[in-house]
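For this chain, numbers begin at 1 and follow the sequence in order.
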Amino acid sequence: MTHTAYARRTTSENGTENGTENGTESGAGTENGTESGAGTEGGTGAGPVPAPRSTRDADGLAVASFVLGLVGLLVMNILLGPAAIVLALVALARSTARRGRAFLGLALGVADLVVLAFLVTGNGVVAWGFGG
């Protein structure tokens, strides 16, 4: 399928007309001549810009690891300890800016499992016992 030459005129806010020819506009279209809007971000032609969202997600994982590890020292350490360890490792793999918090979450997750081991050897069951 061949591209046909076309002229496109747009009107700016002050009323002047601007025209482009032959589809030279960034993101100008597909083979059938319709606009796809899939041009580069910012129109610089430098390619896609990496999203800062992945860093924010990794920071959130580091904080979640820390919180789960801390709470896991008190309750449900059999679930929260391994979850804290996994979240910390994923945050570190995604190169979080909060490396210290991820390492604390990792250490607290391991501490959760150590507390669990002491409870199991002391009581003989995987249960918390607050009574006498």
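With values rounded to the nearest 0.5 angstrom, L61 atom CG is found 11.5 Å from R98 atom CZ.
Residues passing the side-chain contact (heavy atoms from CB on, under 4.5 Å) test with L108, sequence neighbours excluded: F66, L70, L73. Every residue meeting the side-chain contact (heavy atoms from CB on, under 4.5 Å) condition with V71, not counting sequence neighbours, appears here in chain and number order: V67, V75, L80.
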Task: Stepwise side chain to side chain contact (heavy atoms under 4.5 Å, CB included) check, L89 with L106 - done: CA-CA 7 Å; L89 291 176; L106 183 64; 4.2 Å; yes

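Applying the side-chain hydrogen bond (donor to acceptor under 3.5 Å, both in side chains) rule to pairs touching residues 58-69 yields D59-T96, sequence neighbours excluded.
Of all non-hydrogen atoms in A102 and A88, the two that sit nearest each other are O-CB, 3.3 Å. When all heavy atoms of G72 and N77 are compared, the closest pair comes out as O-CB, 3.0 Å.
Between I78 and D112, every side-chain heavy-atom pair lies at or beyond the 4.5 Å cut-off.
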